[in-house]
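Take a look at the structure set out below.
Any value given below was found using the heavy atoms of this structure, including those in side chains, with hydrogens, waters and symmetry copies removed. This structure is a prediction, so every number in the text was calculated from the model and none was measured.
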Amino acid sequence: MLIFDFDGVLVNSLDEVTLTAYNTATGKQVTSLADLPKALVELFQHNRFHVQPIGDAILLMNWCLNNYRNKSGPTLLNSHEYEALISGTTVSIADRTFQVYETRSQFIARDPERWLALHRPYQPLWGELIRRPEYAFVILTNKNRDAILRLCQHFGLGIEAVDVYSGDHGKSKVENMQQIQKRFAGYLFNFIDDSIKNLRELENSLNTEKKRIKLLLASWGYIGPRDKRIAKNYGYPVLTQKDLIALLHTDRPI
């Protein structure tokens, strides 16, 4: 059974996350990237791949706000620098994530069309899922469910709310994967994500004895410059959209 991450796998929401992180960090209500300094946008998006729980995007944006005027161009944080950055906060990840969700909800309520326009489904994968509704899959994501269902409906992908395992109420991907395993007992799973951190977390938490989850890296998502090599070192196949579509057709672990 195939399990998809959402942002960076099914939909490119990089521009929306940039604006939402900016608005959360500053308390503003900006709805267009054109209203932000170009260097700030480039710096945040250059380092977006580091962010795992979305609440950490606030900390990354705060760092970008303090550093985007560097004349040497966008700086790429290494993993140790990023970990130091997010470890220096007293606000819990649950509270930060709630702040991001609230800011996004306010954006949607204020200008739903502009919010939707900040997203682009990844093709040809998205179109294949629309054309083949018989494919059985679920979504496992740190994003909030309301946003996912809005985007799926807007871009024509039919999915039931019960098949979206989201970050609402502070649920982690590990907790949600446990629920998926319980619901679909006896299945083997292919999970594709664009985050090495997420794949490692699932590996270390749920794949310690019997390997029931095949972990895959999406090469078209928000990946860092070394992530493909790191994934291969861990034994995670690095897939293109064409590879994933072929996997959909076989509907069995690779």
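- Pairs passing the salt bridge (charged side-chain N to carboxylate O under 4.0 Å, His left out) check and including a residue from residues 47-60, sequence neighbours excluded, read Asp56-Arg96.
- For the salt bridge (charged side-chain N to carboxylate O under 4.0 Å, His left out) condition, no pair includes a residue of residues 21-33, sequence neighbours left out.
- Judged by distance alone, the side chain of Asn12 and the main-chain N or O of Leu14 form a donor-acceptor pair under 3.5 Å.
- Scored by the side chain to side chain donor-acceptor pair (under 3.5 Å) test, Tyr222 finds Ser13 as partners (sequence neighbours excluded).
- Side-chain polar atoms of Asp35 and Ser32 form no donor-acceptor pair below 3.5 angstrom.
- Salt bridge absent: Glu203 and Arg200 never bring a charged side-chain N and a carboxylate O closer than 4.0 Å.
- Looking at residues two or more places apart in sequence or on another chain, you find a side chain to side chain contact (heavy atoms under 4.5 Å, CB included) between Asp163 and Val138, Ile159, Glu160, Arg183.
- Residues that satisfy the side chain to side chain donor-acceptor pair (under 3.5 Å) test with Asn144, not counting sequence neighbours, are Arg104.
- Counting only residues at least two apart or on different chains, the ring pair (Phe, Tyr, Trp, His ring centres under 6.0 Å) pairs with a member in residues 26-77 are His50-Tyr82.
- The side chain to side chain contact (heavy atoms under 4.5 Å, CB included) check on Glu42 picks up Lys38, Pro74, with sequence neighbours excluded.
- Under the side chain to side chain contact (heavy atoms under 4.5 Å, CB included) criterion, Pro133 pairs with no residue at all, not counting sequence neighbours.
- Counted by atom type alone, Thr240 and Asp243 present one or more donor-acceptor pairs between their side chains at under 3.5 Å.
- Applying the salt bridge (Lys or Arg N to Asp or Glu O under 4.0 Å) rule to Arg150 yields the partners Asp146; only residues at least two apart in sequence or on another chain are considered.
- Between the CG atom of Asn190 and the CG atom of Leu248 there is a distance of 9.5 Å, given to the nearest 0.5 Å.
- In this structure Glu83 satisfies the side chain to side chain contact (heavy atoms under 4.5 Å, CB included) test together with Ile86, Lys197, sequence neighbours excluded.
- Screening residues 148-167 for ring pair (Phe, Tyr, Trp, His ring centres under 6.0 Å), with sequence neighbours left out, gives no hits.
- Contacts classified as ring pair (Phe, Tyr, Trp, His ring centres under 6.0 Å) and involving residues 4-26 (residues at least two apart or in different chains) are given here: Phe4-Phe137.
- In summary, the side chains of Asn198 and Gln52 do present a donor paired with an acceptor at a separation below 3.5 Å, with no hydrogens or angles considered.
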Q: Under the side chain to side chain donor-acceptor pair (under 3.5 Å) rule, what do Ser166 and Asp168 come out as? Steps first, then yes or no, please.
A: CA-CA 6 Å; Ser166 68; Asp168 293 274; 2.4 Å; yes
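- No donor-acceptor contact under 3.5 angstrom links the side chains of Arg145 and Tyr101, judged on distance only.
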